[in-house]
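Down below is the structure, laid out as structure tokens.
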Amino acid sequence: MLVKRVIALLVLLAGFTITSRFALAQGDYSRSDWDRVVAKGVEFLRTQGQAEDGSFSKQNGIGITAVVVAGLANVGVSETDPIVAKSLGFILQFQQPDGGIYQPGSRHSNYETCLAIMALSRLNQNGKYDRILQQAERYVKGLQWDETEELQKEDLAYGGAGYGSKSRPDLSNTSFMIDALKSMGRGEDDEAIQKALLFVTRCQNLESSENASPFAALVNDGGFYYTVAAGGESQAGKTDNGGLRSYASMTYAGLKSMIFAGVDQDDQRVQAALRFLKNNYSIEMNPGLGQSGLYYYYHTMAKALDALNVESFESSDGVHHWREELFAKLRANQATNGSWVNADARWLEGDANLVSGYALLTLSYLKPGR
């Protein structure tokens, strides 16, 4: 009996040791650290970023304002706070008769409407925005390439979404559509999400029974690229054999889209994407694109890994605790005025409002104890 008690005590102590080591590895920042970084970012947007009409960077449409509102809401800023209330008023004036939420003449109506859906869904207390959201949902689903454009499921554009009506579909727009539907509570049984999964799968460099695209076997590293449609395109360029290079931001976009569409973590598509990401893990750059789209990458990375419910990656250079590393990077990159900005201005990331919105969205997935 004594021996059994000693063994049990040793096991218990060993458990405490493991827990303690894990806590030390994971405990690089506290809730108060997180609060301070977030508060500085919110204060920048409140005092320096917002225009009198409630917009942020209005010259680029309503998309940046919607990113900021979603970021503010996700870190806990109330709808009644003037910074959010004014921005919502600005956004809602642009709901169009077709249900979309975009500025007239915008070339980015899918992005803008999807971002508005995500912002409004987060703030939809007691269903006050239900009608607006339902109309916006119909609009973005109407942009999806499917039978209404006389496409068959075998068509490489099928299931995808582009910038607006009849524009070529791409993985970024499609992932935003899935995110928007997910934010409204739509699940893996949603028809539009399942259609989108076909397009997402075909944007992966993975030859499989689900992906018979002409590009799948040319690279075959498990990563994702921008679009398989209209002859294919990767922002990272082509390989010598005509393949479309994978890059990390699109791979995280593809990964989270598959998870939201109900693809099991043991599925070869998910496992292949994870292998690519482990082989290309970085918080210093967007692998495949360097500094381009860095804060889009951070947000997509955080959302994907949170959805996957993984806390660490083991790569060739060791184990990476992504939440802690990403928080440390954002804290280090924050300017003294509380903002974030990318020195590489590609895709509007020279705009401190947009980048600060992305940073707040990213931080919402890094909150201790969330």
Side-chain angles (χ1 to χ4, degrees), residues 22 25-42 45 66-77 84 114-115 117-123 172 175-176 178-185 248-261 265 270 273-274 277-278 280-287 293-313 319-334 338-340 342 349 354-370:
F22 182 77
Q26 298 290 305
D28 292 340
Y29 67 102
S30 66
R31 174 61 186 272
S32 61
D33 294 327
W34 185 90
D35 286 341
R36 280 192 294 272
V37 171
V38 167
K40 285 178 65 179
V42 172
L45 292 166
V67 168
V68 171
V69 172
L72 291 167
N74 277 23
V75 296
V77 181
V84 174
C114 288
L115 288 164
I117 288 173
M118 287 185 272
L120 291 168
S121 294
R122 183 72 183 189
L123 299 166
S172 183
S175 71
F176 269 88
I178 294 172
D179 284 358
L181 296 176
K182 176 74 172 176
S183 75
M184 291 184 65
S249 53
M250 279 303 96
T251 303
Y252 281 118
L255 174 63
K256 69 178 172 60
S257 296
M258 290 190 298
I259 296 300
F260 291 160
Q265 293 188 24
V270 172
L274 286 172
L277 292 168
K278 289 179 180 181
N280 294 277
Y281 178 87
S282 178
I283 58 165
E284 300 299 329
M285 63 177 179
N286 177 3
L294 185 64
Y295 286 84
Y296 175 107
Y297 164 70
Y298 287 157
H299 166 230
T300 309
M301 173 188 186
K303 192 167 190 174
L305 296 181
D306 182 78
L308 196 64
N309 196 29
V310 297
E311 297 300 325
S312 63
F313 269 167
V319 176
H320 295 277
H321 299 288
W322 65 270
R323 293 188 203 269
E324 288 72 18
E325 293 179 6
L326 194 46
F327 178 81
K329 187 64 176 175
L330 289 175
R331 178 167 54 183
N333 284 3
Q334 190 172 31
S339 69
W340 290 266
N342 189 350
E349 289 204 3
L354 173 63
V355 175
S356 296
Y358 279 150
L360 291 181
L361 284 169
T362 305
L363 285 162
S364 71
Y365 296 103
L366 310 180
K367 183 178 181 179
R370 69 181 298 274

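Heads up: numbering here begins at 1 and tracks the sequence.
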Value for CH2 (W322) from CZ (F313), rounded to nearest 0.5 Å, stands at 9.0 Å
- Query: Would you say Y29's side chain and R331's backbone share a donor-acceptor pair under 3.5 angstrom?
  - Reply: no
Correct closest heavy-atom pair for L255 and L277 would be CD2-CD1, 3.8 Å
By side chain to side chain donor-acceptor pair (under 3.5 Å), S175 pairs with (sequence neighbours left out) none
One should read off an interatomic distance between K182 NZ and S257 OG, to the nearest 0.5 angstrom, of 11.5 Å
(message) Taking the side chain as everything from C-beta on, heavy atoms only, tell me whether Q265 gets closer than 4.5 Å to I259.
(response) yes
Could you walk me through whether V77 and L360 pass side chain to side chain contact (heavy atoms under 4.5 Å, CB included), step by step? CA-CA 11 Å; V77 181; L360 291 181; over 6 Å; no
Checklist line | Heavy-atom side-chain proximity of K278 to Y281 below 4.5 angstrom | finding: no
Nearest heavy-atom contact between N74 and R122 is OD1-CD, 3.3 Å
Contacts of S172 meeting side chain to side chain donor-acceptor pair (under 3.5 Å) (sequence neighbours excluded), chain-then-number -> Y111, Y296
Query raised in the report: Is there a donor in the side chain of D33 and an acceptor in the side chain of S30, or the other way round, less than 3.5 Å apart?
Result: yes
Item checked: Flag side-chain contact, heavy atom, 4.5 Å: F260 against L181 -> no
*What's the verdict on side chain to side chain contact (heavy atoms under 4.5 Å, CB included) for S183 and I117, showing C-alpha distance, side-chain angles and the deciding distance?*
CA-CA 8 Å; S183 75; I117 288 173; 3.7 Å; yes
So CG of L294 and CE of M285: to nearest 0.5 Å the spacing works out to 10.5 Å
Of L45, L72, V67, the one forming a side-chain contact (heavy atoms from CB on, under 4.5 Å) with S356 is L45
What one should report as the nearest heavy-atom pair of G293 and N342 is N-ND2, 4.2 Å
Tightest non-hydrogen contact, residues S282 and P287, listed as CB-CG, 3.8 Å
Practice prompt. Indicate yes or no: at least one non-hydrogen side-chain atom of V37 is less than 4.5 angstrom from one of L330.
Written response: no
Worksheet item: With side chains defined as the heavy atoms from C-beta onward, is the minimum distance between I283 and M301 less than 4.5 Å?
Response: yes
- Salt-bridged, D306 to K256, with N to O below 4.0 Å? no
Does any non-hydrogen side-chain atom of V310 lie less than 4.5 Å from one of L274?
no
Using the ring of each side chain (for Trp, its six-membered ring), is Y252 parallel, tilted or perpendicular to Y297, with breaks at 30° and 60°?
tilted
So CG of L363 and CH2 of W340: to nearest 0.5 Å the spacing works out to 5.0 Å
State whether the side chain of T362 and the backbone N or O of H299 hold a donor-acceptor pair below 3.5 Å, judged by distance alone.
yes
Go through it in stages, so that I can follow the logic: the residues are W34 and F327, the test is side chain to side chain contact (heavy atoms under 4.5 Å, CB included), and I'd like the CA-CA distance, side-chain angles, deciding distance and then a yes or no. CA-CA 8 Å; W34 185 90; F327 178 81; 4.0 Å; yes
Report task. Indicate yes or no: at least one non-hydrogen side-chain atom of Y295 is less than 4.5 angstrom from one of L361. Result -> no
query: If we only count heavy atoms from C-beta on, is the K329 to E284 side-chain gap below 4.5 Å?
result: yes
For S312 and H321, the nearest pair of non-hydrogen atoms, with its separation, is CB-ND1, 3.7 Å
Go through it in stages, so that I can follow the logic: the residues are L305 and Y365, the test is side chain to side chain contact (heavy atoms under 4.5 Å, CB included), and I'd like the CA-CA distance, side-chain angles, deciding distance and then a yes or no.
CA-CA 9 Å; L305 296 181; Y365 296 103; over 6 Å; no
